[in-house]
Amino acid sequence: MIKKVFLMVLILHGTLSIKAQLYKASAVPDRIILTWSADPTSTQSVTWRTDTTVNKAYAQVLIEGSSPDLDKGSAQEIAALTSALQGDTYEKAHYHSATFTGLKPDQLYAYRVGDGKIWSEWFQFKTAPAVTKPFSFIYLGDAQNDIKSKWSRVIRRAFATHGDARFIVHAGDLINRSNNDNEWGEWHFGGGFINGMIPSIPSSGNHEYFRDAQKNLTLDPHWRMQYTLPENGPAGLEESVYYIDYSNVRIISLNSQMIVLDSTSMKKQAKWLEGVLKNNPKQWTMITYHHPIYSTAKGRDNKEFRDLFKPLFDKYHVDILMQGHDHTYSRGQNLPTGVSGKVGGPMYVVSVAGPKMYKIDVSPRWMDVFAENTQLFQIISVDNNELLYTAYKASGEVFDSFKLKKTSKDKAAVFTDLNKKSQ
């Protein structure tokens, strides 16, 4: 029996060691990902990883001219900030971050990152327009489990469906075990070159948190190392609570784990949010966070969150709430009664991109459209005062679709259901 247990330990240790080797850092840049930390019309941030042999790193950028002479000295080069990350279960690595500034709006650029000798491939990105123009983006619920094996195909199908998406919203629980470098390796593997071309707007979920030795809620240190995000949120919540303005849309990311588990943070975020909503010049307002304020499962109700934040969503005519956490799909507009009535007001959506699934067991049901055991992605298109929302199954089949029409930022959007038959 002792020999059998010892053998099992050796096998487990060997398996973990093999997995760690799969995502081991090298001198070659990897985990390259675009985010924004400032104005998307004139800046672009990029973050990447190497091993510790790379102490100085650089990023180069130039306007895409379709010439192969990208490395002939015409690119602007900037030095990156370099920081080290090491955990108990993974080796030390260096993360590098650079922000291109002074860019032209609505312009296609090419860029690469490296140490001056070893470079990544050249990627492309496009800056945001300075005026209102039609655009689309991708919204994904939890990835969380079996990320490489079963989530990868969903983000790739989303890209294949709309490769010109301007950004990707991730509604929390991007991985399952906080501070697990192997799982982050799977997440970056799944996104691959997509992450290097389309900026990410991530929200943290409960699985991005752990409790430290003093039992304090702690955000996975990978978060701020691998994402370069706006620091316009409340003090102490920088880069996990923030907003970004793109064209005629304001996208706001809340940290719902700190809302549901920390009353002080909940009040701080609510106060901050009201200021951001009150002083919002944009026509459309969208908010993403992890824990739904209306759940699809018993025992997962977030009443305190709802009681404090829903009045703000209503008062300032928030258009869409992009949520995760419940591992189902649901969409609805009216609420405690379970009867839609096609009222004006926020549209609440819960979605899941990964393979972990739960059952819908709330009654009465608040949602108008729902699904279980289905991996999905969403494409949201904004064209001036009209918004088209489409939820796709992992197969690419359309599952749910609706339109919103917004005549004024100070009024609720008008809803039109585009489903051919009742769900």
Side-chain angles (χ1 to χ4, degrees), residues 33-47 61 99-109 111 123-140 158-159 162-171 191 194-203 227-233 239-254 272-273 275-289 316-322 346-347 349 377-390 403-406 408-409 413:
I33 185 165
L34 296 179
T35 54
W36 286 301
S37 56
D39 184 357
T41 66
S42 60
T43 73
Q44 181 65 71
S45 297
V46 58
T47 311
V61 67
T99 298
F100 303 121
T101 61
L103 305 178
K104 297 180 180 180
D106 204 20
Q107 176 68 58
L108 186 67
Y109 284 88
Y111 80 95
F123 292 87
Q124 295 177 332
F125 68 83
K126 193 172 187 179
T127 51
V131 297
T132 297
K133 292 185 68 173
F135 72 94
S136 302
F137 68 92
I138 298 166
Y139 150 46
L140 299 174
F159 176 77
H162 198 82
D164 198 37
R166 297 294 84 217
F167 51 86
I168 303 175
V169 170
H170 296 274
I194 301 170
N195 289 343
M197 292 179 63
I198 303 178
S200 291
I201 298 180
S203 287
Y227 301 133
T228 305
L229 297 166
E231 297 190 16
N232 53 18
E239 293 190 277
S240 73
V241 180
Y242 58 91
Y243 71 89
I244 293 170
D245 289 339
Y246 191 99
S247 187
N248 58 336
V249 176
R250 174 159 287 184
I251 302 279
I252 302 168
S253 176
L254 298 176
W272 173 86
L273 177 63
V276 171
L277 294 174
K278 184 184 297 184
N279 300 300
N280 178 12
K282 299 300 181 179
Q283 186 175 12
W284 295 91
T285 306
M286 305 179 194
I287 303 180
T288 182
Y289 51 83
Y316 294 101
H317 307 293
V318 174
D319 299 295
I320 293 183
L321 290 309
M322 296 172 285
M347 181 65 73
V349 181
F377 62 90
Q378 291 69 227
I379 307 293
I380 299 176
S381 300
V382 180
D383 186 353
N384 200 346
N385 66 342
E386 292 190 351
L387 180 151
L388 173 63
Y389 168 103
T390 308
K403 278 187 177 181
L404 296 178
K405 188 169 184 178
K406 188 92 167 178
S408 166
K409 74 180 185 66

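Position 1 is the first residue of the sequence, and the numbers go up from there. Bear in mind the structure is a predicted one, so any value in this text is a computation, not a measurement.
- In this structure D383 satisfies the salt bridge (Lys or Arg N to Asp or Glu O under 4.0 Å) test with no other residue, sequence neighbours excluded.
- Under the ring pair (Phe, Tyr, Trp, His ring centres under 6.0 Å) criterion, Y109 pairs with F125, sequence neighbours left out.
- Residues passing the side chain to side chain donor-acceptor pair (under 3.5 Å) test with K406, sequence neighbours excluded: D319.
- Residues forming a salt bridge (Lys or Arg N to Asp or Glu O under 4.0 Å) with K409 (at least two apart in sequence, or on another chain): none.
- The ring pair (Phe, Tyr, Trp, His ring centres under 6.0 Å) search around F377 returns Y392, not counting sequence neighbours.
- Counting only N and O atoms by type, the side chains of S253 and S203 include a donor and acceptor under 3.5 Å apart.
- Scored by the side chain to side chain donor-acceptor pair (under 3.5 Å) test, Y111 finds no partners at all (sequence neighbours excluded).
- The line from CZ of F123 to CD1 of I198 is 12.0 Å long, rounded to the nearest 0.5 Å.
- Not a single salt bridge (Lys or Arg N to Asp or Glu O under 4.0 Å) links K282 to another residue, sequence neighbours left out.
- Taking the side chain to side chain donor-acceptor pair (under 3.5 Å) definition, one finds that Q124 meets it with E64, sequence neighbours left out.
- N195 pairs by the side chain to side chain donor-acceptor pair (under 3.5 Å) definition with nothing, not counting sequence neighbours.
- In this view, E231 and R224 satisfy the salt bridge (Lys or Arg N to Asp or Glu O under 4.0 Å) rule, not counting sequence neighbours.
- Qualifying ring pair (Phe, Tyr, Trp, His ring centres under 6.0 Å) partners for Y139, counting only residues two or more places apart in sequence or in other chains: none.
- Listed by first and then second residue, the salt bridge (Lys or Arg N to Asp or Glu O under 4.0 Å) pairs that reach into residues 36-45 come to none, sequence neighbours excluded.
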